[in-house]
Amino acid sequence: MNLPLLAQHLLPHRLLSRLVYWATRWEWTPWKNFLIGQITRRYQVNLDEAEQSDAAAYPHFNAFFTRALKPGARRFDTDPCEVLCPADGRVSQVGAIADGHIFQAKGHSYSTDELLGDALTGAPFRDGRFATIYLAPRDYHRVHMPWAGTLRETVHIPGRLFSVAPFAVAGIARLFARNERLVCHFDGAQGPFTVVLVGAMLVSSVSTVWGGLEIPPYASRPIRRDWRGRGIHLARGAELGRFNMGSTVIVLLPPGPAFADALLPHAPVKVGQPIGRFA
């Protein structure tokens, strides 16, 4: 095991993430402008497409990081048969779920059951499809619906907070099934589908449009919330939630959709573009 991977196992994940959580909400002007300037320059963030293009106008770093986009900055494909990309970023992996197992990287896979926390909710996806999207610091950090659906249940699953950068995904077995995550189960026209928001070290805070801040607090046991009967229906392309710092989104679909041929590992993607199609 090389030094960066060893550090992933030894560092105090939650302590560091808590410190970053508060640091990114500190409203002292020199501090927040310093952080925003560092990220903007280092990652060449395109503020022209932001609803608020003046970096100094954000009250703290997290407000900048979760910035809204101008109307029309993203095109949401209008073909009702297309499954939409849920986030800006890059494709980590995409493809078929093979007998309940999801490919992570060369030599690594994990099961739908362990990702979702139980075999019952993993069963509809045993031979389904998945797409894993990695969000980098330069990206738009709001997550949108890949398909129209009614929220059935969320599960906050406790775990580690390993980095989800490519070096960690390639080197840490079952990473996405070990990290803290929020699992969002929906019922759609083609059956159930699930969107998993995976936390990571320093970037583990997750909010949803229906529940507000979901992580932190960090969990010590799985926390299930039943949303059936509350009428939470989100249209295809609607905002689902956001990473208060960036991480990874995993979409699980039932058998049926075919993914776009151009959707290859490391390919850049934008929220709203078609990634798969139901016949």
Side-chain angles (χ1 to χ4, degrees), residues 83-87 91-134 143 145-162 164 169 172-200 204 206 208 210-211 214-215 218-229 232 234 240-241 247-259 263 265 275-276 278:
V83 179
L84 302 182
C85 185
V91 175
S92 178
Q93 294 293 339
V94 65
I97 300 172
D99 194 26
H101 284 79
I102 300 170
F103 182 65
Q104 176 178 303
K106 185 177 181 180
H108 299 302
S109 65
Y110 55 94
S111 72
T112 53
D113 296 352
E114 60 183 340
L115 177 69
L116 304 182
D118 66 79
L120 182 64
T121 53
F125 309 110
R126 189 170 184 83
D127 297 301
R129 300 290 185 269
F130 79 97
T132 305
I133 309 298
Y134 167 65
V143 180
M145 293 288 286
W147 193 253
T150 300
L151 184 65
R152 173 170 26 99
E153 182 184 47
T154 59
V155 189
H156 176 184
I157 301 178
R160 299 297 303 273
L161 291 171
F162 294 115
V164 292
V169 172
I172 299 176
R174 302 170 34 257
L175 186 154
F176 298 123
R178 295 167 68 182
N179 271 17
E180 192 118 357
R181 56 203 180 274
L182 183 70
V183 177
C184 306
H185 294 294
F186 295 90
D187 292 317
Q190 299 288 345
F193 67 95
T194 295
V195 181
V196 183
L197 287 78
V198 182
S204 57
V206 173
T208 61
W210 59 81
E214 306 271 4
I215 306 173
Y218 299 114
S220 57
R221 57 178 177 77
I223 300 171
R224 295 182 176 274
R225 298 181 69 185
D226 189 341
W227 295 93
R228 285 170 290 193
I232 301 175
L234 298 178
L240 179 160
S247 190
T248 292
V249 182
I250 303 172
V251 176
L252 302 185
L253 300 167
F259 281 115
L263 206 64
I275 59 171
F278 280 103

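Note that the structure is predicted; figures quoted are calculated from it, not measured.
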Any heavy-atom pair between the side chains of Phe176 and Val164 that's under 4.5 Å? yes
Does a side-chain heavy-atom distance below 4.5 Å link Leu253 with Val83? yes
Taken to the nearest 0.5 Å, the spacing of Ile97 CD1 from Leu252 CG works out to 5.0 Å
In the structure I gave you, are the side-chain heavy atoms of Leu240 and Leu197 within less than 4.5 Å of one another anywhere? yes
In this structure, CD1 of Ile275 is separated from CZ of Arg129 (nearest 0.5 Å) by 12.5 Å
Any residue meeting side chain to side chain donor-acceptor pair (under 3.5 Å) with His108, in chain and number order, not counting sequence neighbours: none
Using 0.5 Å steps for rounding, measure from the OG1 atom of Thr112 to the CZ atom of Phe125. 8.5 Å
The side chain to side chain contact (heavy atoms under 4.5 Å, CB included) partners of Leu84 (sequence neighbours excluded) come to Phe76, Asp77, Arg236
Measuring from Asn179:CG to Ile157:CD1, what's the distance to the nearest 0.5 Å? 11.5 Å
Roughly how far apart are Arg225 CZ and His156 NE2, rounded to 0.5 Å? 11.5 Å
Within a strict 4.5 Å, meaning less than it, do heavy atoms of the Val196 and Leu116 side chains meet? yes
Under the side chain to side chain donor-acceptor pair (under 3.5 Å) test, residues paired with Thr194 that sit two or more places apart: His185
Derivation and outcome, side-chain contact (heavy atoms from CB on, under 4.5 Å), residues Ile133 and Val91: CA-CA 5 Å; Ile133 309 298; Val91 175; 4.2 Å; yes
For Gln93, all residues meeting side chain to side chain contact (heavy atoms under 4.5 Å, CB included), sequence neighbours excluded: Phe103, Phe130, Pro265
Can you name the side chain to side chain donor-acceptor pair (under 3.5 Å) partners of Thr150, sequence neighbours left out? His233
Would a 4.5 Å heavy-atom cut-off, applied to side chains only, mark Thr132 and Thr248 as touching? yes
My understanding is that only residues two or more places apart in sequence, or in another chain, count here; which of them pass ring pair (Phe, Tyr, Trp, His ring centres under 6.0 Å) with Phe162? His9, His13
With sequence neighbours left out, the residues meeting side chain to side chain contact (heavy atoms under 4.5 Å, CB included) with Thr208 are Leu182, Trp210, Glu214
Once you round to the nearest 0.5 Å, how far does CD of Glu153 lie from CG of Asp226? 6.5 Å
Checking side-chain contact (heavy atoms from CB on, under 4.5 Å) for the pair Arg181/Ile250: CA distance, chi angles, key distance, verdict? CA-CA 10 Å; Arg181 56 203 180 274; Ile250 303 172; over 6 Å; no
Is the shortest side-chain heavy-atom distance between Leu151 and Leu234 below 4.5 Å? no
Partners of Pro158 by side chain to side chain contact (heavy atoms under 4.5 Å, CB included), sequence neighbours excluded? Arg14, Glu180, Ala219, Pro222
Is there a donor-acceptor pair under 3.5 Å between the side chain of Gln104 and the backbone N or O of Ala173? no
Side chain proximity check, His101 to Ser111, heavy atoms < 4.5 angstrom: yes
Considering residues at least two apart in sequence or located in another chain, which fulfil the ring pair (Phe, Tyr, Trp, His ring centres under 6.0 Å) criterion with Phe278? Trp147
I'd like to check the salt bridge (charged side-chain N to carboxylate O under 4.0 Å, His left out) partners of Asp187; sequence neighbours left out, ordered by chain and number. Arg152
Sequence-distant partners of Ser92, side chain to side chain donor-acceptor pair (under 3.5 Å), two or more places apart: none
Any side-chain hydrogen bond (donor to acceptor under 3.5 Å, both in side chains) pairs touching residues 117-127, not counting sequence neighbours? Asp99-Arg126, Asp118-Thr121, Asp118-Arg224
Closest non-hydrogen atom pair between Val195 and Val249, with its separation: CG1-CG1, 3.7 Å
